[in-house]
Amino acid sequence: MPPTPPLLGPGPAVSGHRPALAEGIRAATHPECEYCPDDALGDDELISSRAALAQGRWQSARSLLLHTGDDWDRRGHRVTVLAREPYAIAWTREWLLAEPGSAGAATLYALTLVRRALRGKEDPERAREACAGAAALAPADPTPWLGLLLVARHLGTDEETRRAFTEVRRRHPEHHHAHHLMAARIAETESRGTDELRAFAERAAAEAPADSPLAVLPVVAYTERHRVLAATGQAPADPAAAGHWTEPSALRALGAAFDWWLEWGTEEHPRRHLDVNHLAHATFGAGRYAEAAALFQRIGRHATAAPWSYPDRDPCEAFRAARERVLGG
C-alpha cells in the first residue's frame with residue numbers, strides 16, 4: 001500500500017462543534033417530517049436488527065454481522081449504527097456472556113463504549129481498550145480500528161488519529177467512513193491556506209478504483225473546510241454567500257464528482273446516500289440547479305444529517321428548503 005500524504009496540522013481539532021456526532025442521531029425533532037435523517041441509510045436488514053436489539057433480541061444482530069462477513073464498509077456501517085441504540089450496551093453484554101469469544105460481540109460492545117465516550121458517559125481509555133481487544137479477536141477486520149479512529153478524531157492526538165486511520169486503511173484501503181472522518185479531522189487541524197486537506201482527498205480519490213465512491217471525497221473535503229470556516233466565523237454560514245463553490249478548484253472537484261456519479265453511482269454501497277447528499281448539497285450551493293434536481297430525485301426521502309446540518313443548522317429544514325428551491329415543492 002502506498003504511503004498516505006501528510007494528514008494532520010499542528011493544532012487541535014476545532015472544539016465545541018462536532019458534526020460527526022450528529023450523524024448518530026435518528027432525527028426525532030420533526031416527527032411529521034418525511035425527510036428526517038435515519039443513520040441506517042435505508043438498510044432494511046439493519047433497521048430490522050436495530051429494532052430487535054432495542055427489544056433485547058441480540059441474536060438478530062449476531063445473524064446480521066455473520067451474514068455481512070468481510071464486506072468491510074457494510075460491516076462498519078452496521079456496527080456503528082447498532083452501537084448507537086441506547087440499550088445496545090446492555091444487550092451486547094448479554095451476547096458476550098453467551099459467546100465470550102465472539103469477535104462480532106466484542107466489536108459491537110467496543111463501539112457502544114466508543115459512542116458513550118464521545119458523549120462523555122464513558123472513560124475513553126476503556127473504549128480504547130475494548131477496541132484493542134476486539135481487534136485482537138479479528139485481526140483482519142478494520143471495524144475495531146474504526147472505533148479507535150472515532151475516539152481519536154474527537155478526543156485523541158494527531159499521532160493517535162493517524163495511526164488508527166493507517167490501520168483501518170491497511171485492512172481496507174477504500175474504507176469510506178474512515179476517509180470521511182479523516183477529512184473532517186484534517187479540516188479542523190490544518191492551517192488556513194494550506195493544501196493538506198485537498199491533497200489528502202485528491203490522492204485518496206486517485207488511488208481508489210474507478211467505481212469507488214471515494215471519487216466524491218474531494219467534494220466532501222471542500223464541504224468540511226467550509227463547515228470549519230463558518231463555525232469559526234471566518235466565512236458566512238451559507239456556502240453560496242461565502243462564494244465557496246466559485247473557486248476554480250472547487251468547481252473542478254464538483255464537476256469530476258458529478259461525472260463520476262453519472263457513470264458509476266452505485267446503489268450497492270452501504271453509505272451511498274451520504275455521497276449523493278454531499279453532491280446535492282454542493283451542486284445546490286454552487287447554483288447548479290439542474291444537476292441538483294437529478295440528485296434530489298435520486299435521494300428521495302433518504303436525507304442525511306451531514307452535510308445539511310453544516311455548520312450548525314437543522315438538517316431537516318435545510319434539506320427541505322434546498323429541495324423545494326430546486327424541485328419547486
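If you read the sequence from its start, that first residue is 1, and numbering goes on from there.
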| said: Determine whether Q297 and L327 satisfy the following criterion, side-chain contact (heavy atoms from CB on, under 4.5 Å), listing intermediate values before the conclusion. | reply: CA-CA 9 Å; Q297 293 283 10; L327 298 179; 4.0 Å; yes
| request: Taking T166 for its side chain and R162 for its backbone only, find out whether a donor-acceptor pair lies under 3.5 Å. | output: yes
| field | Heavy-atom pair with the smallest gap, counting every atom of A205 and A215 | value | CB-CA, 4.1 Å
| So, do Y87 and Q55 sit near enough that their side-chain heavy atoms are less than 4.5 Å apart? | no
| Do the non-hydrogen side-chain atoms of E174 and R169 ever get within less than 4.5 Å of each other? | no
| field | Donor-acceptor contact present, side-chain R185 to main-chain A152, <3.5 Å | value | yes
| query | For the side chain of T80 and the backbone of H77, is there at least one donor-acceptor N/O pair under 3.5 Å apart? | reply | yes
| query | Out of curiosity, does V168 fall in the hydrophobic cluster containing L148 (side-chain heavy atoms, cut-off under 4.5 Å, transitive links)? | reply | yes
| Check ion pair R163-E160 (N to O, under 4.0 angstrom) | no
| Transitively linked via ILVMFWY side-chain contacts under 4.5 Å: L137 with L108? | no
| said: Looking at every heavy atom in both V326 and Y289, which two are closest together, and how far apart are they? | reply: CG1-O, 3.6 Å
| query | Once you round to the nearest 0.5 Å, how far does SG of C36 lie from CG of D314? | reply | 7.5 Å
| field | Any donor-acceptor pair under 3.5 Å from T232 side chain to L229 backbone | value | yes
| query | Under 3.5 Å, is there a donor-acceptor pair between the side chain of S309 and the main chain of D312? | reply | no
| query | Hey, quick one: are M182 and L155 part of the same hydrophobic cluster, counting side-chain heavy atoms closer than 4.5 Å, chains of contacts allowed? | reply | yes
| field | Residue pair D73 / H177, side-chain donor-acceptor N/O under 3.5 Å | value | no
| field | Closest approach of F319 to N277 (non-hydrogen atoms, all atoms of both residues) | value | CE1-OD1, 3.8 Å
| query | Looking only at atom types and distance, does a side-chain atom of W260 sit under 3.5 Å from a main-chain N or O of A210, one as donor and one as acceptor? | reply | yes
| said: Could you measure the distance from the CZ atom of R272 to the OG1 atom of T304? Nearest 0.5 Å is fine. | reply: 12.5 Å
| task | Can you establish whether the number of heavy atoms outside R93 located under 6.0 Å from its atom CZ is more than 12? | result | yes
| message | Could you go through L97 and W95, starting from their C-alpha distance and side-chain angles, then the distance that decides it, and tell me whether this counts as side-chain contact (heavy atoms from CB on, under 4.5 Å)? | response | CA-CA 5 Å; L97 286 173; W95 180 6; over 6 Å; no
| request: Determine whether F165 and L146 fall in the same hydrophobic cluster, where Ile, Leu, Val, Met, Phe, Trp and Tyr are linked whenever their side-chain heavy atoms lie under 4.5 Å apart. | output: yes
| query | Linking I/L/V/M/F/W/Y whenever their side-chain heavy atoms sit closer than 4.5 Å, directly or via other members, would Y109 and L118 fall into one cluster? | reply | no
| SB check R171 E167 (cutoff 4.0 Å) | yes
| Salt bridge flag under 4.0 Å for residues E207 and R203 | yes
| Going by atom types only, do R57 and Q59 share a side-chain donor-acceptor pair under 3.5 Å? | no
| query | So among R115, R50, R271, R78, which one has a salt bridge (Lys or Arg N to Asp or Glu O under 4.0 Å) with D39? | reply | R50
| query | Parallel, tilted or perpendicular: which fits the ring planes of W245 and Y222, with parallel below 30° and perpendicular above 60°? | reply | tilted
| said: I need the single residue from L274, D275, V276 that forms a side chain to side chain contact (heavy atoms under 4.5 Å, CB included) with H278. Which is it? | reply: L274
| field | Pairwise distance CZ(F258) to OG1(T283) - rounded to 0.5 angstrom | value | 7.0 Å
| message | Would you say T157 and E159 are linked by a side-chain donor-acceptor pair, where the criterion is simply a distance under 3.5 Å? | response | no
| field | V216 side chain near W261 side chain, heavy-atom distance below 4.5 Å | value | no
| task | Would you check if the side chain of D38 reaches a backbone N or O of L41 as a donor-acceptor pair within less than 3.5 Å? | result | no
| Approximate separation, where rounding is to 0.5 Å, of L254 CG and H281 NE2 | 11.5 Å
| Carboxylate-amine/guanidinium proximity below 4.0 Å for R126 and D123 | no
| In Å and rounded to the nearest 0.5 Å, what is the NZ to CZ distance from K121 to R116? | 7.0 Å
| request: Please name the pair of heavy atoms, one in A61 and one in L82, separated by the smallest distance, quoted to 0.1 Å. | output: CB-CD1, 4.0 Å
| Counting only N and O atoms by type, is there a donor-acceptor contact under 3.5 Å from the side chain of R225 to the main-chain atoms of A187? | yes
| Separation between CD of E122 and CD1 of I89, rounded to the nearest 0.5 Å | 6.0 Å
| said: Taking the ring centre of each residue, are H175 and W72 less than 6.0 Å apart? | reply: no
| remark: What one should report as the nearest heavy-atom pair of V151 and A127 is CG2-CB, 4.5 Å
| said: Can you see whether F296 has R323 sitting over its ring - NZ or CZ less than 6.0 Å from the centre and within 45° of the normal? | reply: no
| field | Contact summary for R153 and A184, nearest pair of heavy atoms | value | NH2-CB, 3.2 Å
| task | State whether E190 and R198 are salt-bridged, where the test is any N-O pair (Lys NZ or Arg NE/NH1/NH2 against Asp/Glu carboxylate O) under 4.0 Å. | result | no
| task | Evaluate side-chain contact (heavy atoms from CB on, under 4.5 Å) for R62 paired with E99, printing each intermediate quantity in order. | result | CA-CA 10 Å; R62 178 183 184 275; E99 289 189 294; 2.7 Å; yes
